[in-house]
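Presented below is the structure to which this report refers.
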Amino acid sequence: MNVPTLRIVIGTAGSGKSTIAQRLARQHGAAYLDKDAMSARFVEAALVSAGYDPDDREANPFYRDSILPLEYDSLLDVAGTNLRLGCPVVVDAPFSPYLSDPTFITAAAKRFDWPPTEVEVIQVRVSPKTLKDRLSKRGLKRDQVKLAHWDEYWAVHGELRCAWTGVRLSELSNDAQQAETASDMPAAPADFEHAGRGTDGDTR
């Protein structure tokens with residue numbers, strides 16, 4: 001039996017990670033799991049019910065402590081279900097609060113009973129100017145808090161490094177405007193690998 005592959009595409013909001021993740025899912029016939037699509041409606045309802053603005057999340061301790069962990073638990077649990085069926089999976093989510101924990105993925109594999117799995121992580125990066133321009137142009141209400149506190153947001157989220165062990169890690173620069181369309185994305189994960197850095201820090 002072939003070992004299933006889990007590809008996790010991470011990056012800040014507006015980096016273009018969803019375009020890349022969807023392209024990978026099409027290429028590999030993989031289940032595509034988008035954190036926001038899976039949980040946004042429930043998150044918004046929970047925040048409103050608790051008396052909070054549904055678009056104010058990063059600065060909201062209630063969201064960070066009580067809701068965010070459930071979003072990621074659900075995402076990784078569903079990923080495990082697909083992996084046990086032998087299906088390749090592409091996960092689209094920033095994972096920002098968990099990137100500094102080296103054991104995050106290995107612990108998740110045990111918690112959610114993943115089978116032996118090849119895990120590839122593609123970290124999408126953009127410059128602060130590109131990111132700010134994209135967030136401004138797309139005009140989503142949930143981005144207004146980020147833009148209103150831009151320096152603070154970039155300092156926390158802009159240059160996060162993924163410290164996960166047990167994964168194959170690469171980085172992809174996505175500043176070029178043409179890279180925002182799926183037709184211009186690299187054709188295979190090998191292209192990502194040569195553009196990025198391995199888990200040992202060597203340029204690949």
Side-chain angles (χ1 to χ4, degrees), residues 5-18 20-21 24 33-36 38-40 43 47 56-80 83 89-114 117-128 130-132 134-135 142-143 145-147 149-175 189 192-193 195-204:
T5 298
L6 169 62
R7 294 177 173 88
I8 303 176
V9 183
I10 60 177
T12 58
S15 63
K17 68 180 179 301
S18 293
I20 295 167
L24 285 171
L33 305 182
D34 178 345
K35 180 179 77 69
D36 287 342
M38 287 179 60
S39 59
V43 169
L47 289 171
D56 185 5
R57 302 184 187 182
E58 282 83 7
N60 185 337
F62 173 73
Y63 169 73
R64 293 197 310 266
D65 298 339
S66 300
I67 298 180
L68 183 69
L70 299 178
E71 287 188 274
Y72 280 100
D73 281 357
S74 298
L75 185 67
L76 296 171
D77 196 2
V78 174
L83 293 169
V89 176
V90 173
V91 169
D92 173 3
F95 285 92
S96 300
Y98 307 111
L99 294 180
S100 63
D101 179 0
T103 66
F104 180 77
I105 288 297
T106 54
K110 293 179 181 178
R111 289 176 59 209
F112 299 108
D113 193 27
W114 294 358
T117 301
E118 293 182 3
V119 183
E120 298 181 3
V121 178
I122 298 97
Q123 185 161 19
V124 183
R125 292 200 177 279
V126 292
S127 68
T130 297
L131 185 62
K132 190 173 184 179
R134 289 180 185 174
L135 294 181
R142 67 173 181 264
D143 292 333
V145 174
K146 301 179 182 73
L147 292 168
H149 302 87
W150 178 251
D151 290 342
E152 180 182 351
Y153 177 77
W154 179 259
V156 174
H157 298 280
E159 297 183 351
L160 287 173
R161 297 287 173 181
C162 181
W164 296 343
T165 57
V167 307
R168 186 178 180 181
L169 174 65
S170 59
E171 293 187 0
L172 174 66
S173 175
N174 197 29
D175 269 318
F192 294 132
E193 293 155 18
R197 303 181 73 85
T199 52
D200 56 2
D202 292 336
T203 301
R204 295 183 178 181

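The analysis underlying the following values was restricted to heavy atoms, covering all of them including side chains, and did not include hydrogens, waters or symmetry mates.
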task: For the pair Leu33 and Val90, evaluate side chain to side chain contact (heavy atoms under 4.5 Å, CB included) and give the outcome as yes or no after the intermediate values.
output: CA-CA 6 Å; Leu33 305 182; Val90 173; over 6 Å; no
statement: So NZ of Lys35 and CD of Glu71: to nearest 0.5 Å the spacing works out to 3.5 Å
- request: Please examine the side chains of Leu75 and Val91, heavy atoms only from C-beta on, and report whether any two atoms are closer than 4.5 Å.
  value: yes
query: Under 3.5 Å, is there a donor-acceptor pair between the side chain of Thr165 and the main chain of Pro102?
result: yes
- prompt: Is the closest side-chain heavy-atom distance between Leu99 and Gln123 below 4.5 Å?
  reply: yes
- prompt: Under the side chain to side chain contact (heavy atoms under 4.5 Å, CB included) criterion, do Tyr63 and Leu47 qualify, and how do the steps go?
  reply: CA-CA 7 Å; Tyr63 169 73; Leu47 289 171; 4.0 Å; yes
- prompt: Who passes side-chain hydrogen bond (donor to acceptor under 3.5 Å, both in side chains) against Arg64, sequence neighbours left out?
  reply: none
Ser15 backbone acceptor or donor facing Asn174 side chain under 3.5 Å: yes
message: What I want to check is whether the side chains of Ser18 and Asp92 have a donor and an acceptor closer together than 3.5 Å.
response: yes
message: Donor-acceptor pair, distance only, cut-off 3.5 Å: does the side chain of Thr106 make one with the backbone of Thr103?
response: yes
- request: Find the distance between CZ (Arg168) and CD (Glu120) and round it off to the nearest 0.5 Å.
  value: 5.0 Å
query: Are the side chains of Leu76 and Trp114 in touch, meaning some heavy atoms are under 4.5 Å apart?
result: yes
- prompt: Would you find a donor on one side and an acceptor on the other, under 3.5 Å apart, between the side chain of Glu118 and the backbone of Arg7?
  reply: no
message: What I'd like to find out is whether the side chain of Cys162 reaches to under 4.5 Å of the side chain of Ile10, using heavy atoms alone.
response: yes
statement: What one should report as the nearest heavy-atom pair of Pro94 and Gly11 is CB-O, 3.5 Å
query: Any side-chain heavy atom of Ser170 within less than 4.5 Å of one from Val121?
result: no
Heavy-atom check, side chain of Arg57 versus side chain of Val43, under 4.5 Å: yes
query: Atom CG in Leu169, atom CH2 in Trp164: separation rounded to 0.5 Å?
result: 9.0 Å
message: Could you measure the distance from the CZ atom of Arg161 to the OG atom of Ser100? Nearest 0.5 Å is fine.
response: 14.0 Å
message: Going by side-chain hydrogen bond (donor to acceptor under 3.5 Å, both in side chains), name the residues that satisfy it together with Asp73, two or more places apart in sequence or in a different chain.
response: Arg111
- prompt: Where is the tightest heavy-atom contact between Val89 and Ala79, given as atom of each residue plus distance?
  reply: CG2-O, 4.0 Å
message: Is any side-chain heavy atom of Ile8 closer than 4.5 Å to one of Ile122?
response: no
Partners meeting ring pair (Phe, Tyr, Trp, His ring centres under 6.0 Å) with Tyr72 (sequence neighbours left out): Phe95, Tyr98
